[in-house]
Amino acid sequence: MKYKKCHTYLLVAVVAVFFVCFSYHTSDAMVSGPCVNCHTMHNSQNGVSVARDGTGAGWNSSGKLSGGSLQADPLKTLLVSSCVGCHTSTTGETIINVGGSRIPIVFNTGGYPAKPLAGGNFYKVSLGGDNEVYGHNVYGIAGADSKLSTAPGRQSGTCGNATSCHSTLAAAKDTFTGMTNGCQGCHVRVAHHDDSKPWYRFLKGHLDTVDYVTGIEDPNWEQNPDQNNHNKYKGYNGPVDSSVTLEQTHSINSFCGGCHGQYHRQQFMGSSSPWLRHPSDILLPQTGEYSSYDPVTNYSVEAPVAWTDPSNPSRATAVVMCLSCHRVHGSQYPDILRWDYSTMIAGGSGSGGCFTCHTQKSQTP
Ligand code: HEC
Ligand code: HEC
Ligand code: HEC
Ligand code: HEC
Ligand code: HEC
Ligand code: HEC
């Protein structure tokens, strides 16, 4: 009897430890499935190349890589396609299942998907021309932006050469650092087989190992987000000056600030009302019109917040962030916004978007 009880306690303790470990696990990025889904040992089968890449390459409705062209030269790490090719689909699905591997899709070539993932989708920006305002122009998806010859708000001094990822993500390589650009201008160090890395969605700076973003990842990349299933972003109780870097904050805003510094630092943004640019990395006030938005009990996926401690979200520690208003890859709205800005009318009866936080600006006088 005595022993049984002891075992029960032990079991409860083990279950509790298991639960704590897994519920606070911040990174969930490990691939699964047969090697052959993603790798080719010699880039040859029956004497024909296996690797497929280039414009239009992506997974089709039969779960096969199609489009683009077969690559005579093998790809790095023996992969069957590039970052773009493997994360693209010619279907409307945003998570596809290839023989036991779940692949998150960020570019649907056939149209803007019904259920885009958290970062949005590169479909619209891929169309080029006037559509370049709908996303980041990324190598393999869109050519360089014709109006933006550098990242808006870029601070002078930070890697200013024309092919630097601080000026364009549409170049294959950064000639200054020699590093890969494109997707890897942001996902600097991928680790598809390693869950032990602390960084959120492979988002890192390029200085050393400590400049990374943290956060809690929704296992479905917000394909169906709701109150209980969504990413939890890391923010910081700023405003920040130049001495406060990504290494200290691990904030998603510091990450965007790496290329768009003037939109993040207090020198250019201001440090209290009246602000000079819309603040990010400041606490969402608990008073005035902001008191009506409680993201702990009523999280808005349309205008989300970050938290100073994503494992312990509280109303007092909710933070305004770049992703409160923007998606990152691409969206259906200009300036990669999360909603249609032209429908935000002061003194009308609008809701959502800006009004999620500025709850009194829609009220008629
Ligand atoms: C769903 C896709 C996928 C599957 C399945 C997969 N890999 Fe990978 N693997 C990748 C990608 C993408 C990379 C390159 C990027 C990176 O390292 O994050 C990679 C990199 C690697 C690397 C080099 C980097 C490292 O982590 O050591 C090795 C070795 C490797 N894979 C072996 C395997 C073996 C062996 C299998 C089968 C048991 C396998 N992979 C199955 C996608 C996959
Ligand atoms: C051969 C297929 C393949 C290639 C090539 C590939 N990926 Fe992935 N990637 C995957 C799969 C599968 C996952 C989902 C892993 C999981 O289940 O969490 C993934 C996940 C990701 C994620 C999300 C990680 C997370 O935390 O959920 C990012 C970001 C990413 N890949 C970026 C890249 C970049 C950048 C490259 C090029 C360097 C690349 N991928 C190349 C298959 C691929
Ligand atoms: C590695 C550098 C880099 C990072 C990091 C980065 N950006 Fe950008 N961003 C650029 C460049 C370069 C452009 C201009 C060319 C283009 O539109 O792609 C740009 C353009 C933009 C635009 C305007 C798009 C348009 O065409 O009108 C928005 C909005 C934007 N970024 C938001 C963000 C947000 C939000 C983040 C963080 C989640 C972020 N960026 C992180 C480099 C970066
Ligand atoms: C400007 C920076 C930037 C570029 C360029 C970029 N990503 Fe991302 N990516 C992000 C951020 C930030 C997130 C996290 C989005 C979130 O959680 O809201 C993300 C998330 C992801 C995910 C997880 C799915 C999701 O939507 O959350 C995948 C997969 C991915 N990226 C792949 C890619 C691939 C492939 C490319 C190149 C075609 C690419 N990314 C280019 C910044 C970038
Ligand atoms: C996630 C919440 C959030 C969202 C969404 C949001 N804001 Fe704000 N906004 C704030 C906070 C917090 C402040 C700073 C308030 C303070 O200093 O007390 C602010 C400040 C401002 C200011 C400057 C006020 C001043 O006193 O200088 C303006 C103007 C503004 N927002 C407009 C907008 C518009 C337009 C949108 C939609 C495009 C928007 N905001 C979306 C939270 C938000
Ligand atoms: C309150 C909502 C909101 C927040 C928070 C916000 N933005 Fe914006 N952003 C906008 C809107 C709206 C525009 C359209 C242009 C304008 O109104 O100035 C825009 C435009 C941009 C552009 C394009 C500028 C151009 O010249 O085309 C970039 C780049 C950008 N934002 C990056 C960021 C970054 C980086 C952050 C975080 C440090 C951020 N934004 C935070 C709403 C926001």
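Order of listing sets the numbers, starting from 1, for every ligand and every atom in it. Predicted model only: the values in this text are computed from it and were never measured. In what follows, residues are counted from 1 in the order of the sequence shown.
At least one protein heavy atom sits closer than 4.0 Å to atom 30 (C) of ligand 1.
Within the model, atoms NE2 of H136 and NE2 of H326 stand 9.0 Å from one another, a figure rounded to the nearest 0.5 Å. Taking NE2 of H260 as the reference point, atom SG of C322 lies at 8.0 Å (rounded to 0.5 Å).
Heavy atoms of P219 found under 4.0 angstrom from ligand 2: none, in either backbone or side chain. Under 4.0 angstrom from ligand 1, the non-hydrogen atoms of V190 come from both its backbone and its side chain. Of the heavy atoms in M30, only backbone atoms (N, CA, C, O) come closer than 4.0 Å to ligand 2.
Not one N or O on the side chain of N253 forms a donor-acceptor pair closer than 3.5 Å with the backbone of H264. Remark: side-chain polar atoms of D241 are paired, donor with acceptor, to backbone N or O of S243 under 3.5 angstrom. Using modelled atom types, no side-chain atom of Q45 and backbone atom of V50 make a donor-acceptor pair closer than 3.5 Å. Side-chain atoms of D174 come within 3.5 Å of backbone atoms of F176 as a donor-acceptor pair (strictly under, hydrogens ignored). In this structure, D211 contributes its side chain and H206 its backbone to a donor-acceptor pair below 3.5 Å. Checked by atom type and distance alone, the side chain of Q227 pairs as donor or acceptor with a backbone atom of Y299 at under 3.5 Å. Side-chain N or O atoms of S49 include none that pairs as donor or acceptor with a backbone N or O of L70 at under 3.5 Å.
For residue C35, no N/O/S atom approaches atom 8 (Fe) of ligand 1 to within less than 2.8 Å. Backbone or side-chain N, O or S atoms of H192 reach atom 8 (Fe) of ligand 2 at under 2.8 Å. Atom 8 (Fe) of ligand 1 has an N, O or S atom of H39 under 2.8 Å away, backbone or side chain. In summary, no N, O or S atom of C86 is located under 2.8 Å from atom 8 (Fe) of ligand 2.
Here is the list of ligand 3 atoms found below 4.0 Å of a heavy atom in T168: 12 (C). Residue C83 approaches ligand 2 through these ligand atoms, each under 4.0 Å from one of its heavy atoms: 34 (C), 35 (C), 36 (C), 37 (C), 38 (C), 39 (C), 41 (C). Counting the atoms of ligand 3 from 1 in the order shown, those under 4.0 Å from a heavy atom of S167 are 12 (C). Less than 4.0 angstrom separates some heavy atom of E217 from each of these atoms of ligand 2: 26 (O). Those atoms of ligand 3 with a heavy atom of L148 less than 4.0 angstrom away are 14 (C), 17 (O), 25 (C), 26 (O), 27 (O). Applying the 4.0 Å criterion to heavy atoms of C183 picks out, from ligand 2, the atoms 35 (C). Less than 4.0 angstrom separates some heavy atom of I103 from each of these atoms of ligand 2: 12 (C). Less than 4.0 angstrom separates some heavy atom of S81 from each of these atoms of ligand 2: 5 (C). With ligand atoms numbered from 1 in the order given, ligand 1 contributes 18 (O) to contacts under 4.0 Å with heavy atoms of A191. The contact set between ligand 3 and F255, taken as ligand atoms under 4.0 Å from a residue heavy atom, comprises 5 (C). Taking every heavy atom of G135 and a limit of under 4.0 angstrom, the matching atoms of ligand 3 come to 17 (O), 26 (O).
At a cut-off of 3.5 Å, with distance as the only test, a side-chain donor of S314 or T317 sits close to an acceptor on the other residue.
The closest approach between any non-hydrogen atom of Y200 and ligand 2 is not below 4.0 Å. At least one heavy atom of G185 lies less than 4.0 angstrom from ligand 3. Look at G100 and you'll find every heavy atom at least 4.0 Å from all atoms of ligand 1. Using a 4.0 Å cutoff on heavy atoms, S82 counts as a contact of ligand 2.
Closest heavy-atom approach to atom 12 (C) of ligand 2 among the candidates K76, H87, R102: R102. Of the candidates V98, D194, T77, the one placing a heavy atom closest to atom 22 (C) of ligand 1 is T77. Between atom 21 (C) of ligand 1 and the options K197, H193, R189, the minimum heavy-atom separation is to H193.
The single protein non-hydrogen atom nearest to atom 43 (C) of ligand 1 is C38 CB, 3.4 Å, given as residue, atom name and distance. For atom 14 (C) of ligand 1, the nearest non-hydrogen atom of the protein is L79 CD1, 3.7 Å. Looking only at heavy atoms of the protein, atom 15 (C) of ligand 3 is closest to D145 CB, 3.9 Å. Nearest to atom 18 (O) of ligand 3 among the protein's heavy atoms is N137 N, 2.8 Å. Protein heavy atom in closest approach to atom 26 (O) of ligand 3: E132 O, 3.0 Å.
When only interatomic distances are considered, the shortest N/O to N/O separation between R201 and ligand 2 falls below 3.5 Å. Close N/O approach between H187 and ligand 2 is not found [any backbone or side-chain N/O within under 3.5 Å]. No N or O atom of H166 sits closer than 3.5 Å to an N or O atom of ligand 3.
Here the side chains of V80 and V36 are not in contact, with every heavy-atom distance at 4.5 Å or above.
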Practice task
Apply the test side chain to side chain contact (heavy atoms under 4.5 Å, CB included) to residues Y200 and H250: give CA-CA distance (whole Å), side-chain angles for both, the deciding distance (0.1 Å), then the verdict.
Solution key: CA-CA 9 Å; Y200 178 84; H250 300 296; over 6 Å; no
Practice task
Any chance you could lay out the ring pair (Phe, Tyr, Trp, His ring centres under 6.0 Å) test for H358 and Y290, step after step, and finish with the verdict?
Solution key: CA-CA 6 Å; H358 296 285; Y290 310 101; 5.4 Å; yes
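Between T91 and N60, the shortest heavy-atom contact is CG2-C, 3.7 Å.
Atom 8 (Fe) of ligand 3 has H136 NE2, H260 NE2 as protein N, O or S atoms under 2.8 Å away.
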